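What follows is a set of notes on a single structure, which appears directly below.
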Number of protein chains: 2
Amino acid sequence: MKIKNDHNLDFALILANHGVSKTKFRINLLNLFYEKESLTVKEVMNKFSNLINKVTIYRALVSFEEKGLIHKVPSSNNIIRYSLCNSDECSASLHKHNHGHFICNNCNQTFCLENYKSPDIKPVDGFYINSLNLILEGYCKDCHLN
Amino acid sequence: MKIKNDHNLDFALILANHGVSKTKFRINLLNLFYEKESLTVKEVMNKFSNLINKVTIYRALVSFEEKGLIHKVPSSNNIIRYSLCNSDECSASLHKHNHGHFICNNCNQTFCLENYKSPDIKPVDGFYINSLNLILEGYCKDCHLN
DNA sequence: CAAAATAACGCAATTAAGTTGCGTTTATTT
DNA sequence: AAATAAACGCAACTTAATTGCGTTATTTTG
Ligand SMILES: [Mn+2]
Ligand SMILES: [Mn+2]
Ligand SMILES: [Zn+2]
Ligand SMILES: [Zn+2]
């Protein structure tokens, strides 16, 4: 029992429970997702000071996604963002959050908007639904002023 | 008064009203948006049989967007989609639709889901909101079977 | 309506996100 | 500890998106 991170979580154990190999990098990557609401490949690269090969990051993200640890967040630019799955609301094959997410079109940070409740997922004739996301975009406090 | 399209609309006039130059291509492009729920650059290119330079398409889409004719549709892949603004719900600076949109992760078609009502836009402390989108993703009827 | 001004267009070159193959290293299983 | 499987790094590649610039089409003005 040697957990020493800001979340009192055993990230190696979480990885193991999801069938993901617990390498140093992947443990740190999972930790990172607990610190930031959402991440892009570039943001991960910067966080690791470019010491990790970008291909490794891409493949780790795909692996995390396949094993139900993270999911993609829709946005209007052409950069893929990932966000930690909420164990209450997400399963490996059906992702939703009960609240909206705000994406700043300048700094690209994302923020949870607890005020915005997203509708429940209900089946629709002939559509196989994998995810539901309520996306708000615009400028955050910092970026609006500039 | 020589309007001969499937929508009984004078696309040249609409362009003029929005301050967009009415070239043959842009008239046809606007027409195209009235036929398809959403479009990517590649889809536009194919519709014009690759006769229009892709840079021209990119710049026309940016122009349409700036003038409030179309807006981006968030998605989880890295390809930008545009959709016609709804004059009832969209303004040049604030875009929303009152219903969710479904994106097929295989054929990339989009479908309006009138059953899914999106919440109203309400101001949030320190956030400047430009758009609200309710995005559902998965597989459409055709692509689910394959 | 013709000239001047402005906006759109096409082409070539570039940037940057994302992917693939393969040999090597690290982790997991037996 | 040996065998198996997964992760990693590097180089090369693909493709979406952007930029510069000279040319052509549209719009504005006298
Ligand atoms: Mn999820
Ligand atoms: Mn709109
Ligand atoms: Zn911002
Ligand atoms: Zn489909």
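The shown structure was predicted, so the numbers you read here are calculated from the model rather than taken from an experiment. We name chains A, B, ... by the order of the sequence lines, and we start the count at 1 in each one.
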Please check the phosphate of dA16(C) (OP1 and OP2 only) for any side-chain N or O of Lys42(A) closer than 4.0 Å.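 Checking dA16(C) against Lys42(A), no side-chain N or O comes under 4.0 Å of OP1 or OP2.
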Phosphate oxygens OP1/OP2 of dA6(D): is one of them under 4.0 Å from a side-chain N or O of Arg26(A)?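 So the side chain of Arg26(A) is outside the cut-off, no N or O lying under 4.0 Å from OP1 or OP2 of dA6(D).
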d([atom1], [X]; [atom2], [N]) in whole Å:
| X | N | atom1 | atom2 | value |
| --- | --- | --- | --- | --- |
| Asn108(B) | dT15(D) | CG | C1' | 15 Å |
| Arg81(B) | dA16(D) | CZ | C1' | 14 Å |
| Glu66(B) | dA8(C) | CD | C1' | 14 Å |
| Leu15(B) | dA8(C) | CG | P | 10 Å |
| His18(B) | dT27(D) | NE2 | P | 16 Å |
| Tyr58(B) | dA16(C) | OH | C1' | 12 Å |

Where the side chain of Phe25(B) is defined as all heavy atoms beyond and including C-beta, which of dA8(C), dA17(D), dC9(C) is the nearest nucleotide?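 Selected nucleotide (nearest to the side chain): dC9(C).
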Toward the 5' end of DNA chain C, which comes first, Asn53(B) or Asn78(B), by nearest nucleotide?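 Looking at DNA chain C, the more 5' nearest nucleotide goes with Asn53(B).
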Which class fits the ring pair Tyr34(A) and His7(A): parallel under 30°, tilted 30 to 60°, perpendicular over 60°?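 Tyr34(A) and His7(A): tilted rings.
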In terms of relative ring orientation, are Phe127(A) and Phe111(B) parallel, tilted or perpendicular, with 30° and 60° separating the classes?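 Aromatic pair Phe127(A)/Phe111(B) classed perpendicular.
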Between [X] and [Y], does at least one N-O distance fall below 4.0 Å, as a salt bridge requires?
| X | Y | answer |
| --- | --- | --- |
| Glu35(B) | Lys47(B) | no |
| Arg81(A) | Glu43(A) | yes |
| Asp125(B) | Lys141(A) | no |

Is Arg59(B) touching bases, backbone alone, or none of the nucleic acid, heavy atoms closer than 4.0 Å?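 Base contact - Arg59(B) has a heavy atom under 4.0 Å of at least one base atom.
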For His71(B) versus Cys85(B), what's the shortest heavy-atom pair and its separation?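 His71(B) and Cys85(B) have their closest heavy atoms at CD2-SG, 3.5 Å.
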Do Phe25(A) and Ile14(A) share a hydrophobic cluster, counting only Ile, Leu, Val, Met, Phe, Trp and Tyr and linking them when any side-chain heavy atoms are less than 4.5 Å apart?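 Cluster IDs for Phe25(A) and Ile14(A) match.
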How does protein reach along nucleotides 23-30 of chain C, written 5' to 3' as B (base within reach of a heavy atom under 4.0 Å), S (only sugar-phosphate), or - (no contact)? ---SSS--
